[in-house]
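Scroll down for the structure; my scribbles are underneath it.
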Amino acid sequence: MNERRKPYPFDVIEPKWQALWDERRLFHALNPGDPDFDPARPKYYVLDMFPYPSGSGLHVGHPEGYTATDIIARYKRLRGFNVLHPMGWDAFGLPAEQYAIRTGQHPEITTRENIARFKTQLERIGFSYDWEREINTSDPAYFRWTQWIFLQIYQSWFNPATQKADPISTYTGHDPDSVRLAYVAEVPVNWCPELGTVLANEEVIDGKSEVGGFPVVKRPMRQWMLRITAFAERLIDELEPLDWPEGIKLLQRNWIGKSEGAEVRFAIAGHDGTIAVFTTRPDTLYGATYMVLAPEHPLVRRLTTNEQSQIVSDYCAQIAAKSDLERTDLAKEKTGVFTGACAINPVNNERIPIWIADYVLLGYGTGAIMAVPAHDERDLEFARKFDLPIVEVVQPPNDEPAIGFVGHGVAINSPLIDGLTTSEAKREITAWLAQRGLGWSATSYKLRDWLFSRQRYWGEPFPIVWENGRHRSLGETELPLIPPPLEDFKPTGTGEPPLARAQDWVRYSETATRELNTMPQWAGSCWYYLRFCDPGNAERFVSENAERYWMTGETAPLETSVSLELRNLFEIAKNFPHAPHRTVTLAAVTTSEAVELRRQTGLDFIGYHHCIDNYALRHILKEHGDDRRENAREQVSIGLRDILRIPEILRAPDRIEFGRVTGRGRQSLLYVKESGGAIYYVEEILQSAGRLMAKTLYKRRATGKRAITEASAAQTSETFRRVAKSIEASFPSVNQKHEGGVDLYVGGTEHAVLHLLYARFWHKVLFDLGHLTTNEPFQRLVNQGIILGEDGRKMSKRWGNVIDPLDVIADYGADAFRCYEMFMGPLEQMKPWSMTGVEGVSRFLARVWRLLMEENQAGEWILSSAVVESAPDKAQLKVMHATTKKVTEDIEALSFNTAIAQMMIFVNAFTTAQSRPLVALRTLLVLLNPFAPHLSSELWETLGHKFPILPDEITSQPWPEYQAEFLVEDEVEIALQVNGKVRDRIQVALTATSAELEALALVNPRVQEFIAGLTVRKVVVIPKKLVNVVAN
RNA sequence: GCCGAUGUGGCGAAAUGGCAGACGCAACGGACUUAAAAUCCGUUGGGCUUAACGGCCCGUGCCGGUUCGAGUCCGGCCAUCGGCACCA
């Protein structure tokens, strides 16, 4: 292949264009306030999950997602967006540290080398990253702010009254350290002696370290924890409106693991204290015949009677020696011992024995359970093994046996609640307990607090010092806190982090020493998407303007906020097609403006009327000096620019009746309800800090053709809140997208839970503290599938099936590489690499080249003489517009494979043509540009030499529009079916009516043949498609 | 065990409930060439039938259902892959 003549000179044009783009700073995104910043352009933030720069470089799997985002970025630029498309490095991490331990090479050096290699690879693929925004999490200028964010977390607490993070100064209790969002705890952790470090649960796989596969044991240690559990509820709730794959949302929900039930307090026979247990089935309380505590439960020692103490302590010792793996492995056979103590069941005052068993986990619920063997599999197994009593308290709905039935039924043998269904019984018994102070409804989460410290060198040091056994934070001016230079990065082996070796550094003052732990790798990746908005800022982690602009688009009229408003109105129009005009003023929009609106918002309009709020209208008229008057139908003509500004105007701070709409965390929804002959709908209910406020409430009579708008004023009164609540309760909401945050985030499923959950958590803390304007970081998430080797196995050194993008590019060029990555199949799917597949795509690009170019006598490529300025013929026009339509729609849907297929159809159709009309070729080149930017740029330029056009850059062209009229044919082929089977096809005029089609079908000889002797029962006519004759 | 995703030609894959297999790869045949590569044109799901043009039947993991009509919707299985795992 290397010796082969190149099908087109990609080896020349690709470096040429890459250099040109770089020189012209073509992909540098401007922030508000920068010279030449254009506020009229909507923003689009498209982000890749940034890589850890490993020593082995990129293989062809990595750039899959990067190519998809690059196509989107280039496409959005052509559509007039201000695009933020950055790249950076998740540069702290264990591999570099382990390499340092082996070779003595400082991690900073290897990291720098690896980054250089990654960057070379990425640049050679021709990605349109804004390299001026490159960041590196191990750069002090970056991690200074990671440390600053940690301090923000350290200096706040979760305020139950406001349900959000508040500064610790608002805490009025006696011990602030006990409520901080970052706190120190002695916790049993996964200690890996080989790595000399503690690992997070998720870094332990099958009892072995994820990195290296070394054994892991439990060991209590003093650790920094982040109180993510306080945000569990919000992490579930605020997930809902995001445009993420359902599977990922489900994973997150399951990981958080919310379960609702009750906490019940059991008295202990012969003791003062009580034991609280958590149960999701308070209705089975009468069936609780024993209780089980986790072996580590603090009450175990106090409760255990003398006779049992030896057995109990033996059992506890035995459990402690086991790893988590062994505990779950041995789970097949239940184990446990009796403590000798008894608890009192609060509903019937019966004494029930208290056992300990390792099937109860200290970390979940209260670390204690009431065992209901009749209706819980584990309890039943345990009770049978140890011969404990079993009492049936739920009657299954069918004939199923009651013992072992875990579903919902009817309560029995439960005097207080007999005869009630499970859900009624739960409510009833919980109320009964609550009245007596014996219990209360409670919610439990699987989610654990985040173990945030690591005993490593290559990570962010904590900005914390210890003095007299207490921790305190460094001042912001002391940041960044840079790791001390070290010769030896090995674990100390005692559990003390390597930083302990830097004795001078550790000594902060006469009396204070520095924290020795470092932060986990997640820390830097938790907020990098924010830093990209303003990477060079030395004053703040991100400037307010940059953050607000890139996360919400505010400061400029932009697609997201406009379309939100319009989408509301669109929904209304759709739902009430016959509703006449409301008393709100209608603004007339010209046809071309409507087309523009549709282009920008992707919405269709019913007519060209756009509802405008009175407030906004007054505002606009004032600006225009009141020179436009309403006509008789209360319509006023205003321009597109004004319309696009409406969302901004509506959010103006002087609009008092608008409530706290300028605040943060709004959530727009549309609720509709029909009640008592009237239709109520509330446009945009705003949810902020747990409060609901309605922006506008409409009420209209449902009867009669003319619905009447009675009220349309914005209020935030208590009444309104109630109405909104009741509507919400009784009518499912139209699921409005929550606009804001990164517009498109693409990465692998391996980060489905942790990275995304941690980043969301940090984002919410920063949002609560007023540093951010959105409550969620990532609006739309897409996971790319992994690319397998040619042998169908995962790419790895072990199989020798790793493919380096640079090798592919050397043979086929970057454009072919990019196109093949996208042509392989759907982005989300797992699929194997194929070199012959690359060749096929490369042939397609060569055909594009030869569509415009031919070789002269001297063997030089010159513009083909077949390229002419004439108008395309009808068939060509159809292909051109069909391609424009399909490519546009497919890019929006991230179906890049079918977009490329359509462009192949285009090329196949034009290759054979005698003359190749300029307009068609130009259209193709613009459509192709996001996919094959080098080739299309070169051909565009060559075309411009003979046929000049302004602006002359392909990157300044408008995205082509298709016109539907060119897609329809005069005649259309109709399939004739008999009993659902195609028997013939006929050409008919597009205008043929259903009756005509039916008649044509029935007289068709082939149809006749098949219905001979049968009775025609029915004829189904689908216009423009088929006729199905049903006969028997 | 639980949860999720996937299942269509030799291969990667297309198909708002409306003509299954677009597009590409591979294979085969042809044109060009002294020859090969490259390029261009054509054929290509399986079976049966016809001298031929054609025609018929079967086909989207399996079984059933809804429908005039199902790759697509519903129910139940099977297989592969991924995730979680005593969560009270």
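A note on names: the letters A, B, ... follow the listed sequences, proteins ahead of strands, and every chain is numbered from 1. Values in this document were obtained by computation on a predicted structure and should not be read as measured data.
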Examine [N]: is either OP1 or OP2 under 4.0 Å from a nitrogen or oxygen in the side chain of [X]? Give yes or no.
X	N	result
A/Arg253	B/C3	no
A/Arg850	B/A38	no
A/Asn908	B/G24	yes
A/Arg847	B/U39	no
A/Arg793	B/C81	no
A/Gln829	B/A13	yes
A/Ser259	B/A88	yes
A/Arg843	B/C23	no
A/Arg983	B/C57	yes

Could you state the atom-to-atom distance from [atom1] of [X] to [atom2] of [N] in whole Å?
X	N	atom1	atom2	value
A/Glu377	B/A88	CD	P	12 Å
A/Lys794	B/G82	NZ	P	7 Å
A/Lys258	B/C84	NZ	P	23 Å
A/Lys885	B/A22	NZ	P	20 Å
A/Ile900	B/C25	CD1	C1'	15 Å
A/Met291	B/A88	CE	P	17 Å
A/His751	B/G82	NE2	P	17 Å
A/Met830	B/A13	CE	P	11 Å

If I pick the [atom1] atom on [M] and the same atom on [N], what distance separates them, to the nearest angstrom?
N	M	atom1	answer
B/C56	B/G18	P	23 Å
B/G10	B/A52	C1'	30 Å
B/A14	B/A85	C1'	39 Å
B/C23	B/G42	P	11 Å
B/A15	B/G21	P	13 Å
B/C63	B/A51	C1'	44 Å
B/U43	B/C62	C1'	34 Å
B/C78	B/G29	P	46 Å

Base, sugar-phosphate, or nothing: which does [X] touch, judged by heavy atoms less than 4.0 Å apart?
X	answer
A/Ser834	nothing
A/Leu251	sugar-phosphate
A/Phe906	nothing
A/Gly840	sugar-phosphate
A/Thr912	sugar-phosphate
A/Asp379	nothing

Shortest side-chain distance from [X], nucleotide among [options]:
X	options	result
A/Tyr364	B/C87, B/G24, B/G18	B/C87
A/Tyr359	B/C3, B/A15, B/C86	B/C86
A/Thr836	B/C86, B/C84, B/C25	B/C25
A/Leu250	B/A13, B/G4, B/C23	B/G4
A/Phe1010	B/A88, B/C56, B/C23	B/C56
A/Ala901	B/C86, B/C23, B/A88	B/C23

Strand partner of [N], provided both Watson-Crick or wobble distances fall under 3.5 Å:
N	answer
B/G7	B/C78
B/U72	none
B/G29	B/C41
B/U60	none
B/G12	B/C23

Q. Can you give one letter per nucleotide of nucleotides 64-72 of chain B, going 5' to 3': B for a protein heavy atom under 4.0 Å from the base, S for sugar-phosphate only, - for none?
A. ----B----
Electrostatic pair [X]:[Y] at N-O distance under 4.0 angstrom:
X	Y	result
A/Arg818	A/Glu821	no
A/Lys885	A/Glu889	yes
A/Arg983	A/Glu1009	no

Q | salt bridge (charged side-chain N to carboxylate O under 4.0 Å, His left out) between A/Lys831 and A/Glu64, worked out | A | CA-CA 11 Å; A/Lys831 45 214 179 272; A/Glu64 189 194 11; 2.4 Å; yes
(Q) Can you tell me whether the base of B/G9 sits syn or anti, using the 90° cut around 0 to define syn? (A) syn
Q: Report the C-alpha distance between A/Glu240 and A/Arg253 in whole Å, list the side-chain angles of each, state the deciding distance to 0.1 Å, and finish with yes or no for salt bridge (charged side-chain N to carboxylate O under 4.0 Å, His left out).
A: CA-CA 10 Å; A/Glu240 197 41 52; A/Arg253 257 182 248 123; 3.3 Å; yes
Q) Do you know which of A/Val782, A/Thr749, A/Asn783 makes side chain to side chain contact (heavy atoms under 4.5 Å, CB included) with A/Glu828? A)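 Of the listed options, the one satisfying the test is A/Val782.
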Q: Could you tell me whether A/Lys446 sits above the aromatic face of A/Tyr364, with NZ or CZ closer than 6.0 angstrom to the six-membered ring centre and within 45 degrees of the axis?
A: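 No, A/Lys446 does not sit over the ring of A/Tyr364.
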Q. Taking C-beta and beyond as the side chain, do A/Tyr290 and A/Pro389 meet within less than 4.5 Å on heavy atoms?
A.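 Counting from C-beta outward, A/Tyr290 and A/Pro389 never come under 4.5 Å.
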Q: Please examine the side chains of A/Phe266 and A/Leu285, heavy atoms only from C-beta on, and report whether any two atoms are closer than 4.5 Å.
A: yes
Q) Do the side-chain N and O atoms of A/Tyr359 and A/Asp379 include a donor-acceptor pair separated by under 3.5 angstrom? A) yes
Q) More 5' along RNA chain B: A/Lys831 or A/Thr911, using each one's nearest nucleotide? A)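 Nearest nucleotide further toward 5': that of A/Lys831.
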(Q) On RNA chain B, does the nearest nucleotide to A/Thr366 precede the nearest nucleotide to A/Ala975 from the 5' side, or the other way round? Give the residue. (A) A/Ala975
Q: Report the relative orientation of the aromatic rings in A/Phe386 and A/Phe382; use parallel for angles under 30°, tilted for 30 to 60°, perpendicular for over 60°.
A: tilted
**Q.** Greater than 12 external heavy atoms within 6.0 Å of A/Lys258's NZ
**A.**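 Check passes, neighbour count above 12.
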